[in-house]
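Structure, as structure tokens:
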Amino acid sequence: MKLNRIVLLSAMLVTALANTTFAQSLRSAYDGAFLIGTALSTNQILEKDPVQAALVAKEFNALTAENDMKSSLLHPEEDVYKWEIADALYALAEKTNSKVHGHTLIWHSQLSRFFREKKTKEDMIAAMTKHINAVAGRYAGRTFSWDVVNEAVEGDGSLRKSVFLEVLGEDYLALAFKLAAAADPKAELYYNDYSMTGVEKREGVIRMVKKIQESGAKIDGIGMQGHWGLESPTLEEIETSILAYAALGVKVSITELDIDVLPNPRNVSGADISQSAQNTAALNPYVNGLPDEIKAAQAKRYKDIFALFLKHKSIISRVTVWGVNDGNSWKNNFPARGRTNYPLLFDRENKPKEAYYSILELRKK
Ligand code: XIL
């Protein structure tokens with residue numbers, strides 16, 4: 001009898017402890033608000049580091065491949081597909097009860113070479129059809145959402161002169177959405193871009209999305225990448241943009257959030273991966289660690305923007321940070337290579353940062 005009670009009490013204690021630990025994760029804290037995602041490198045998808053693998057499973061419930069599902073990696077040649085890493089991403093998501101966000105079907109960067117060789121409408125349509133059918137079709141029913149088109153609009157609101165625009169004109173946009181909907185009718189379909197708080201860009205994106213909608217194509221959401229700084233864009237700019245996009249009748253996601261704490265090189269704005277700058281000491285001030293006041297400023301910034309996201313949680317479906325820990329962030333190499341940046345929620349030792357606790361705090365009952 002006594003022994004039974006001890007067993008029962010210890011079982012209750014273990015469950016209580018497990019629940020406390022569980023409550024200490026972002027994915028559980030934000031349950032009921034929006035998905036909390038991250039982007040995974042190849043090694044992270046393959047769970048090479050068990051500490052990071054455990055952290056990803058515990059904290060995040062939406063996974064994006066940081067690179068492995070871009071066309072040049074997944075479909076490098078007309079008849080060559082490299083499914084291994086993407087397959088592993090879907091398996092990992094299913095194992096950890098997470099969603100997969102597919103990134104990305106049609107993008108001018110990290111683009112397979114064969115697309116650039118298509119000079120006629122017929123050939124380009126055939127190439128897009130083959131690519132989207134193969135990729136979205138392979139994972140149909142298992143993909144929560146797709147970035148169907150990435151970065152098609154310039155800062156001034158005009159359409160980017162990509163190979164797709166050059167050959168097909170703006171019809172390529174609706175075509176991409178129609179092909180994606182046919183290949184995977186259940187997935188949510190997104191348009192995704194950076195600098196989405198800029199006024200001219202926002203107006204251009206809204207014009208473009210309206211045309212896609214008028215064509216009869218299905219578009220479910222707009223992704224604001226969210227490669228942001230400590231002060232820019234302002235909360236007002238972010239909020240105005242979220243509301244302006246939502247007014248199109250679509251959902252909004254924050255798809256690639258990171259908060260850069262380093263000085264911005266003057267010649268670079270936004271997240272155009274073809275841009276670069278020289279790494280200088282002035283541009284790389286925190287090689288030996290981040291000063292406390294910057295840690296606090298970053299924590300406040302994360303808290304403020306997450307409070308804003310929570311205010312609009314009925315519109316926002318997912319917030320994804322672009323990487324697991326500061327050490328693996330692309331921001332260490334963009335726009336200048338080899339800097340020491342601190343843009344994410346976990347430090348180089350995979351320990352939660354002040355920024356992490358600041359957003360967890362917002363969901364404490
Ligand atoms: C970046 C990756 O993080 C880097 O590893 C890669 O070298 C370049 O691309 N916008 C996007 C992402 O949509 O795919 C980009 O990811 C960052 C900007």
Side-chain angles (χ1 to χ4, degrees), residues 37-46 48 52 56 60 62-76 82 85-86 89 100-112 115 131 135 143 145-155 160 162 164 173 176 180 189-198 201 205 221-229 233 252-260 262 264-265 268-277 279 318-339 341-346:
T38 191
L40 300 181
S41 67
T42 310
N43 282 341
Q44 289 165 337
I45 292 171
L46 298 176
K48 296 276 187 197
Q52 287 183 18
V56 170
F60 300 103
L63 307 178
T64 308
E66 184 176 1
N67 287 296
D68 290 294
M69 292 181 71
K70 295 169 179 176
S71 69
S72 62
L73 285 100
L74 201 54
H75 187 185
K82 305 220 159 154
I85 313 297
L89 177 74
V100 173
H101 174 73
H103 175 76
T104 170
L105 294 170
I106 296 294
W107 186 29
H108 68 281
S109 285
Q110 294 176 280
L111 175 68
S112 327
F115 278 113
H131 178 68
V135 177
T143 309
S145 50
W146 276 106
D147 286 334
V148 177
V149 176
N150 198 30
E151 303 179 354
V153 179
E154 298 277 10
R160 180 187 297 279
S162 67
F164 303 106
L173 295 157
L189 306 182
Y190 277 73
Y191 173 73
N192 189 54
D193 211 331
Y194 61 83
S195 298
M196 291 286 274
T197 54
K201 179 144 183 172
V205 168
I222 293 187
M224 302 170 64
Q225 289 185 3
H227 297 296
W228 291 335
V252 175
S253 281
I254 313 301
T255 56
E256 305 183 13
L257 182 62
D258 41 31
I259 302 295
D260 194 331
L262 299 183
N264 200 38
V268 179
S269 69
D272 177 350
I273 68 165
S274 68
Q275 293 189 311
S276 64
N279 179 358
R318 173 174 61 99
V319 177
T320 284
V321 285
W322 201 240
V324 177
N325 79 31
D326 283 342
N328 33 66
S329 165
W330 78 305
K331 281 291 188 160
N332 294 301
N333 293 305
F334 178 87
R337 291 201 71 80
R339 295 196 295 171
N341 210 333
Y342 303 81
L344 298 171
L345 298 171
F346 295 89

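In each ligand, atom 1 is the first atom listed, and ligand 1 is the first ligand listed.
- Defined by atom type and a distance below 3.5 Å, a donor-acceptor pair is missing between the side-chain atoms of Asn341 and Ser329.
- In summary, the aromatic rings of His131 and Phe115 are positioned with their centroids under 6.0 Å apart.
- Arg318 and Thr320 form a side-chain donor-acceptor contact under 3.5 Å, judged by distance and modelled atom types alone.
- Protein residues are said to neighbour a ligand when one of their heavy atoms lies under 4.0 Å from it; for ligand 1 these are Glu66, Asn67, Lys70, His103, Trp107, Gln110, Asn150, Glu151, Gln225, His227, Glu256, Ala271, Ile273, Trp322, Trp330.
- Listed for the Ser145 side chain is no donor-acceptor partner under 3.5 Å among the backbone atoms of Leu189.
- With hydrogens and angles ignored, the 3.5 Å screen pairs no side-chain donor or acceptor of Thr64 with any backbone N or O of Ala39.
- Results of the side chain to side chain donor-acceptor pair (under 3.5 Å) test with Asp147 over His103, Lys70, Gln225 single out His103 as the only residue that passes.
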